[in-house]
Amino acid sequence: MGQRTNTDKGGPMAEQTVRVRFAPSPTGYFHVGGARTALYNWLFARHHGGRFILRIEDTDRTRYQPDALPDLLEGLRWLGLCWDEGPEIGGEYGPYYQSDRVEIYRQYAEQLVREGKAYRCYCSPERLARLREEQRAKGIPPGYDRHCRYLTREQIAEYEAQGIVPVIRLAVPLEGTTEFDDLLRGHISVENRLLDDLVLLKSDGFPTYHLANVIDDHLMGITHILRGEEWLSSVPKHVLLYRAFGWEMPIQVHLPTILDPSGKGKLSKRKKKLPGGQEMLTFVREFREAGYLPEALVNFLALLGWSYDGQTEFFTRDELIRYFDLQKVSKSPSSFSYDKLEHMNATYIRNLGTNDLAGRLMGVYRRAGIEADIGTVLQLVPLIRERIKTLNDALALTDFVFQEEISYPAEELIQKKMDRTSTLAALRAAEARLQGLEAFDEETLERELRALGEELGLKPRQFFGCLRVACTGKRVSPPLFGTLAILGRERVLRRLRQAVEALVEI
RNA sequence: GCCGCAUUCGUCUAGUGGACUAGGACACCUCCCUCUCAAGGAGGAGAUCGGGGGUUCGAAUCCCCCAUGCGGUACCA
């Protein structure tokens with residue numbers, strides 16, 4: 001209990017600068033789960049005035065994907081999680097790519113071998129596979145049988161003579177228990193006999209995660225490790241390594257897993273469908289492309305496993321930094337609610353200034369291949385701000401503004417309790433009235449059209465409904481009068497005439 | 001199989017022995033506003049705190065057992 005205060009101001013660690021790292025491996029696009037981990041690390045560092053380090057764990061050459069790194073860096077920057085040391089900016093503890101550090105790992109691995117704490121293993125992958133197979137058949141716990149741990153000098157010479165390239169394995173104590181504390185989960189202890197002699201250095205000369213991770217965290221002066229819960233069970237191995245090197249282990253913090261919306265499985269990178277039918281978004285880039293605001297995603301992600309007072313839900317970035325506290329991170333897995341994210345995003349959009357929102361929408365239109373001019377978008381914003389949950393929603397809502405021709409089934413023009421004749425009359429009357437208008441602004445339009453509707457004996461929803469379809473091609477659109485003003489007299493009159501023509505033909 | 005972790009409304013969560021007839025938010029339902037759709041306002045329904053045993057005057061909160069879920073058990077991270 002006492003050591004929980006380590007992270008608080010005034011605790012024993014207070015003098016020491018907090019140094020945390022986000023250490024993804026470039027095997028695929030940047031995942032939201034990873035983003036949450038990065039965010040917590042970043043918040044923790046900023047809260048304590050510490051350093052946030054980005055380290056690339058590219059030690060698996062078989063899973064390496066060239067696209068992953070640019071995607072990651074772009075994603076982090078989009079979310080505003082800038083790193084103090086790492087790729088592209090360097091730092092005093094580099095290099096920050098593990099593939100550039102293989103020599104370091106090799107030396108440390110050799111050191112352990114010399115000290116008798118690790119050994120070379122010449123077992124072939126085939127033998128290991130066979131071994132696991134047998135163990136499974138016999139129902140005994142799988143694990144390396146330590147065949148090479150007790151090789152004689154002669155046997156080693158023989159393997160070497162055969163040209164077999166060995167791996168280096170840690171000689172795990174056969175008895176006793178390994179214990180450690182997790183800031184969130186308390187004391188955890190595991191029996192050593194359950195651990196097997198893990199590989200430290202692979203035969204291709206690259207380190208395994210465990211070795212590289214421990215060495216780098218130590219060499220880079222990492223004080224706190226915040227990472228996903230899936231790493232919890234490998235901590236005992238790390239403890240053994242720290243002990244073998246005689247190093248102090250950083251404070252461990254294992255963050256709860258993020259589950260998919262059903263709450264059943266881990267939010268996976270495999271594409272799944274939501275109950276509604278739409279695809280489940282999992283990569284940061286997908287959220288960006290779908291029109292989510294980075295600040296909304298950050299706010300949402302912050303709350304996925306952390307809470308401030310159980311009451312407040314919206315936080316600015318500065319508030320997040322100020323309030324973030326590991327003590328308030330929950331231990332249990334949380335599932336990703338797309339509904340809630342959408343709600344947050346909509347709220348953020350509503351709170352955006354007109355210029356800001358218009359600017360962001362310009363990007364969306366451009367990417368969709370729509371040539372929107374800033375003047376029009378600026379006018380559109382007040383009309384659609386409360387009607388879009390994502391930036392992309394603006395596309396479907398306002399497409400008719402940027403299209404020369406619109407198309408829709410002519411029957412849509414006919415409103416409830418109306419027929420072709422009355423609709424035709426309404427459209428013609430509107431056209432005539434609009435033609436003679438001295439001004440074509442929202443206020444004038446509303447005044448004149450309301451009056452005309454009454455003269456025609458139509459209910460507002462009937463009259464405006466038919467004008468809406470005629471001018472926008474939709475039953476649902478932004479508010480009518482503002483929309484007409486944006487379209488302009490020419491286009492409105494033309495669309496009214498076209499509506500009449502279309503109606504006449506059916 | 002073994003090991004580890006977790007378990008409060010459908011979901012995110014508040015809650016650290018009495019202030020809990022368990023609070024907030026999303027989603028849902030009703031009503032109001034209204035040119036459509038939203039937004040906004042007012043209300044509603046929804047957890048006996050996974051189950052069972054204890055400890056205690058008193059437990060969602062402490063202990064034990066069980067169940068379930070998740071994770072790990074690689075020359076992947």
Side-chain angles (χ1 to χ4, degrees), chain A residues 23-27 57-60 62-63 121 123-125 128-129 132 135-136 139-144 165-169 182 184-186 188-191 194-196 198-204 206-210 212-213 228-236 254 256-257 259 261-266 300 303-314 328 330-344 346-347 350 384-389 393 397 415 446 449-450 453 459-469 472 474-481:
Chain A
S25 94
T27 54
E57 309 220 325
D58 53 351
T59 56
D60 185 348
T62 61
R63 291 204 305 159
C121 167
C123 294
S124 66
L128 296 176
R132 258 192 297 274
Q135 287 166 331
R136 200 157 46 84
I140 54 179
Y144 180 55
V165 183
V167 301
I168 291 179
R169 286 182 184 272
D182 182 280
L184 257 27
R185 295 151 207 279
I188 293 169
S189 117
V190 174
E191 292 180 58
L194 269 6
L195 271 22
D196 72 357
L198 60 146
V199 171
L200 263 22
L201 205 66
K202 304 183 248 183
S203 54
D204 64 3
F206 277 71
T208 57
Y209 169 80
H210 303 108
N213 175 263
E229 191 185 358
E230 65 269 26
W231 294 107
L232 193 58
S233 43
S234 53
V235 179
H254 287 85
T257 315
L259 273 20
S262 69
K264 289 206 172 61
K266 196 166 131 176
F300 174 76
L303 255 17
L304 213 54
W306 171 81
S307 67
Y308 174 57
D309 58 3
Q311 215 78 197
T312 318
E313 306 230 90
F314 286 87
K328 301 280 285 180
S330 87
K331 293 193 281 275
S332 49
S334 34
S335 71
F336 195 103
S337 166
Y338 289 88
D339 281 339
K340 189 125 179 187
L341 202 217
E342 205 166 63
H343 165 256
M344 277 204 153
T347 305
R350 262 180 265 131
I384 64 172
R385 191 182 350 235
E386 287 161 358
R387 277 162 256 264
I388 56 176
K389 289 188 160 82
D393 285 347
L397 195 60
Q415 302 296 302
E446 172 152 20
L449 290 173
R450 275 195 193 283
K459 297 222 185 287
R461 61 184 306 137
Q462 294 176 305
F463 187 40
F464 301 152
C466 115
L467 294 181
R468 163 174 290 110
V469 173
T472 70
K474 300 170 192 302
R475 303 179 99 124
V476 172
S477 82
L480 186 63
F481 311 113

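Order of the sequence lines sets the chain letters (A, B, ...), proteins ahead of strands, with each chain counted from 1.
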S.K.: For U36(B), take OP1 and OP2 only and decide whether either is under 4.0 Å from a side-chain N or O of Arg461(A).
M.R.: yes
S.K.: Looking at U56(B), which nucleotide sits across from it as a Watson-Crick or G-U wobble partner, both distances under 3.5 angstrom, or is there none?
M.R.: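 For U56(B), the partner nucleotide comes out as none, under the 3.5 Å rule.
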S.K.: Of all the nucleotides listed (C75(B), A6(B), G4(B)), which has the minimum atom distance to the side chain of Thr208(A)?
M.R.: C75(B)
S.K.: Considering every strand and a 4.0 Å limit on heavy-atom distances, what is the contact class for Pro479(A): base, sugar-phosphate, or nothing?
M.R.: base
S.K.: When all nucleic acid strands are considered with a 4.0 Å heavy-atom cut-off, which category describes Gly305(A): base, sugar-phosphate, or nothing?
M.R.: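 Answer is sugar-phosphate: Gly305(A) comes under 4.0 Å of backbone atoms only.
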S.K.: So what does Arg169(A) hit on the nucleic acid, given a heavy-atom distance under 4.0 Å: a base, only sugar-phosphate, or nothing?
M.R.: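 Here Arg169(A) touches the backbone only, sparing every base.
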S.K.: Can any side-chain N or O of Asp182(A) pair as donor or acceptor with the backbone N or O of Leu232(A) at less than 3.5 Å?
M.R.: no
S.K.: At under 4.0 Å between heavy atoms, what does Val167(A) touch on the DNA or RNA strands: base, sugar-phosphate, or nothing?
M.R.: base
S.K.: Classify the ring geometry between Tyr209(A) and Trp231(A) as parallel (under 30°), tilted (30 to 60°) or perpendicular (over 60°).
M.R.: parallel
S.K.: Is the distance from OP1 or OP2 of G4(B) to the nearest side-chain N or O of Arg185(A) less than 4.0 Å?
M.R.: no
S.K.: Please report the distance separating the P of G24(B) from the corresponding atom of C62(B), rounded so that it comes out in whole Å.
M.R.: 24 Å
S.K.: Nearest to the side chain of Asp339(A) - C26(B), C70(B), C76(B)?
M.R.: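 In terms of side-chain proximity for Asp339(A), the closest of C26(B), C70(B), C76(B) is C26(B).
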S.K.: Could you give the CG-to-P distance, from Leu195(A) to C2(B), as a whole number of Å?
M.R.: 17 Å
S.K.: Of the candidate nucleotides U36(B), G4(B), A77(B), which contains the atom at the shortest distance from the side chain of Val190(A)?
M.R.: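 For the Val190(A) side chain, the nearest candidate turns out to be G4(B).
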S.K.: What interatomic distance, in whole Å, is found between C1' of C5(B) and the corresponding atom of U48(B)?
M.R.: 26 Å
S.K.: Under 4.0 Å, counting only non-hydrogen atoms across every strand here, what does Pro207(A) touch: a base, just sugar-phosphate, or nothing?
M.R.: sugar-phosphate
S.K.: Does Ser477(A) reach a base, just sugar-phosphate, or nothing at all? Heavy atoms under 4.0 Å.
M.R.: base
S.K.: Indicate, with a heavy-atom threshold strictly under 4.0 Å, whether Asp196(A) touches base, sugar-phosphate, or nothing.
M.R.: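 No contact.
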S.K.: Suppose you measure atom C1' in C57(B) against the same atom in G1(B); what distance do you get, rounded to whole Å?
M.R.: 47 Å
S.K.: Within less than 4.0 Å of OP1 or OP2 of C35(B), is there a side-chain N or O belonging to Arg450(A)?
M.R.: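 The answer is yes; a side-chain N or O of Arg450(A) sits under 4.0 Å from OP1 or OP2.
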S.K.: Whole-Å distance between C2(B) P and Arg136(A) CZ?
M.R.: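 Atom CZ in Arg136(A) sits about 16 Å away from atom P in C2(B).
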S.K.: Would a distance-only check, ignoring hydrogens and angles, find a side-chain to backbone donor-acceptor pair under 3.5 Å from Arg387(A) to Pro478(A)?
M.R.: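 No, the answer is negative, given that no donor and acceptor are paired below the 3.5 Å cut-off.
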S.K.: For Tyr144(A) and Cys123(A), which heavy atoms make the closest approach, and how far apart are they?
M.R.: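 Looking at all heavy atoms of both residues, the shortest contact is OH-SG, 3.2 Å.
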S.K.: Which one is paired to C2(B), where only Watson-Crick or G-U wobble pairs with both distances under 3.5 angstrom count?
M.R.: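 Result: G72(B).
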S.K.: When all nucleic acid strands are considered with a 4.0 Å heavy-atom cut-off, which category describes Cys121(A): base, sugar-phosphate, or nothing?
M.R.: nothing
S.K.: Looking at Lys389(A), does any N or O in its side chain come under 4.0 Å of the phosphate oxygens OP1/OP2 on C37(B)?
M.R.: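 Answer no for this pair, as no side-chain N or O of Lys389(A) is under 4.0 Å from OP1 or OP2.
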S.K.: What I'd like to find out is whether the side chain of Pro207(A) reaches to under 4.5 Å of the side chain of Glu57(A), using heavy atoms alone.
M.R.: no
S.K.: Roughly, in whole Å, what's the span from CG in Leu194(A) to P in C2(B)?
M.R.: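 So the two atoms are 11 Å apart, to the nearest Å.
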S.K.: Roughly how far apart, to the nearest Å, are C63(B) and A27(B) at atom P?
M.R.: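 About 37 Å, rounded to a whole number of Å.
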S.K.: Test of understanding: with salt bridge (charged side-chain N to carboxylate O under 4.0 Å, His left out), list the residues that count as partners of Arg475(A), not counting sequence neighbours.
M.R.: Glu412(A)
S.K.: Between A14(B) and Ser307(A), is there an OP1 or OP2 to side-chain N/O distance shorter than 4.0 Å?
M.R.: yes
S.K.: Using the C1' atom as the point on both nucleotides, what is the distance between C66(B) and U30(B), in whole Å?
M.R.: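 That atom pair is separated by 43 Å.
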S.K.: Would you indicate what Pro142(A) reaches in the nucleic acid, counting non-hydrogen atoms under 4.0 angstrom: base, sugar-phosphate, or nothing?
M.R.: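 Here Pro142(A) touches the bases of the nucleic acid.
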S.K.: Quick check: closest heavy atoms across Glu313(A) and Met344(A), and the distance to 0.1 Å?
M.R.: O-CE, 3.2 Å
S.K.: Rounded off to whole Å, could you give me the CD-to-C1' distance for the Glu57(A) and C75(B) pair?
M.R.: 17 Å
S.K.: Atom CG of Leu200(A) and atom C1' of A74(B): how far apart are they, to the nearest Å?
M.R.: 14 Å
S.K.: Answer with base, sugar-phosphate or nothing: what part of the nucleic acid does Leu480(A) contact at a heavy-atom distance below 4.0 Å?
M.R.: base
S.K.: Atom CZ of Phe300(A) and atom C1' of A27(B): how far apart are they, to the nearest Å?
M.R.: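 The answer, rounded to whole Å, is 13 Å.
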S.K.: Heavy atoms from C-beta onward define the side chain here; which of G4(B), C75(B), A39(B) lies closest to that of Glu386(A)?
M.R.: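 Per side-chain heavy atoms of Glu386(A), the pick is A39(B).
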S.K.: Scan Pro125(A) against the nucleic acid and name what it touches under 4.0 Å (heavy atoms): base, sugar-phosphate only, or nothing.
M.R.: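 Answer is base: heavy atoms of Pro125(A) come under 4.0 Å of a base.
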S.K.: Using heavy-atom distances to pick each residue's nearest nucleotide on RNA chain B, tell me which of Ser203(A) and Val476(A) is more 5'.
M.R.: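 Its nearest nucleotide being more 5', the pick is Val476(A).
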S.K.: Can you measure Phe206(A) atom CZ to C75(B) atom P for me and round it to whole angstrom units?
M.R.: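 Those two atoms, CZ and P, are 17 Å apart.
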S.K.: Quick one: which of A38(B), U11(B), C5(B) gets closest to the side chain of Ile188(A)?
M.R.: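 Output: C5(B).
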S.K.: Give Arg350(A) one of three labels, base, sugar-phosphate or nothing, depending on what nucleic acid heavy atoms sit under 4.0 Å from its own.
M.R.: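 Touches sugar-phosphate only.
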S.K.: Write down the distance separating the C1' atoms in A22(B) and A14(B), rounded off to the nearest Å.
M.R.: 9 Å
S.K.: Who passes side chain to side chain contact (heavy atoms under 4.5 Å, CB included) against Glu191(A), sequence neighbours left out?
M.R.: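 Glu191(A) satisfies side chain to side chain contact (heavy atoms under 4.5 Å, CB included) with Thr177(A), Arg193(A), Leu194(A) only.
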S.K.: Rounded to the nearest 0.5 Å, what separation is found between the OG1 atom of Thr347(A) and the NZ atom of Lys389(A)?
M.R.: 10.0 Å
S.K.: With rounding to whole Å, what would you report as the distance between U11(B) and G50(B) at their P atoms?
M.R.: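 To the nearest whole Å, 12 Å.
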S.K.: Map Tyr308(A) and Lys202(A) onto RNA chain B by nearest heavy atom, then report which one ends up closer to the 5' terminus.
M.R.: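 On the 5' side of the pair lies Tyr308(A).
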S.K.: Under 4.0 Å, counting only non-hydrogen atoms across every strand here, what does Phe463(A) touch: a base, just sugar-phosphate, or nothing?
M.R.: nothing
S.K.: Would you say Lys328(A) reaches U16(B)'s phosphate, i.e. side-chain N/O to OP1/OP2 under 4.0 Å?
M.R.: no
S.K.: Would one find a side-chain N or O of Ser335(A) under 4.0 angstrom from OP1 or OP2 of C12(B)?
M.R.: yes
S.K.: Does A42(B) have a Watson-Crick or wobble partner in any strand here, with both distances under 3.5 angstrom, and which is it?
M.R.: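 In the structure as shown, A42(B) has U30(B) as its Watson-Crick or wobble partner.
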S.K.: OP1, OP2 of U73(B) versus side-chain N and O of Ser234(A): anything below 4.0 Å?
M.R.: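 Looking at the OP1 and OP2 atoms of U73(B), neither is under 4.0 Å from any side-chain N or O of Ser234(A).
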S.K.: Tell me: NZ of Lys474(A) to P of A38(B), nearest whole Å?
M.R.: 15 Å
S.K.: Would you indicate, yes or no, if A77(B) has its OP1 or OP2 atom less than 4.0 angstrom from a side-chain nitrogen or oxygen of Thr59(A)?
M.R.: yes
S.K.: Just to confirm, is there a sub-4.0 Å distance from OP1 or OP2 of C37(B) to any side-chain nitrogen or oxygen of Arg468(A)?
M.R.: no
S.K.: Which one, A6(B), C5(B), A77(B), comes nearest to the side chain of Arg63(A)?
M.R.: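 Per side-chain heavy atoms of Arg63(A), the pick is A77(B).
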S.K.: Can you figure out which of U7(B), C5(B), C35(B) approaches the side chain of Ser332(A) most closely?
M.R.: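 So the nucleotide nearest the side chain must be U7(B).
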S.K.: Let's test this: given Watson-Crick or G-U wobble pairing with both distances under 3.5 Å, identify the partner of A25(B).
M.R.: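 Pair assignment: A25(B) / U11(B).
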S.K.: I'd like to check Ser25(A) versus Thr59(A) (side-chain heavy atoms, cut-off strictly below 4.5 Å). Are they in contact?
M.R.: no
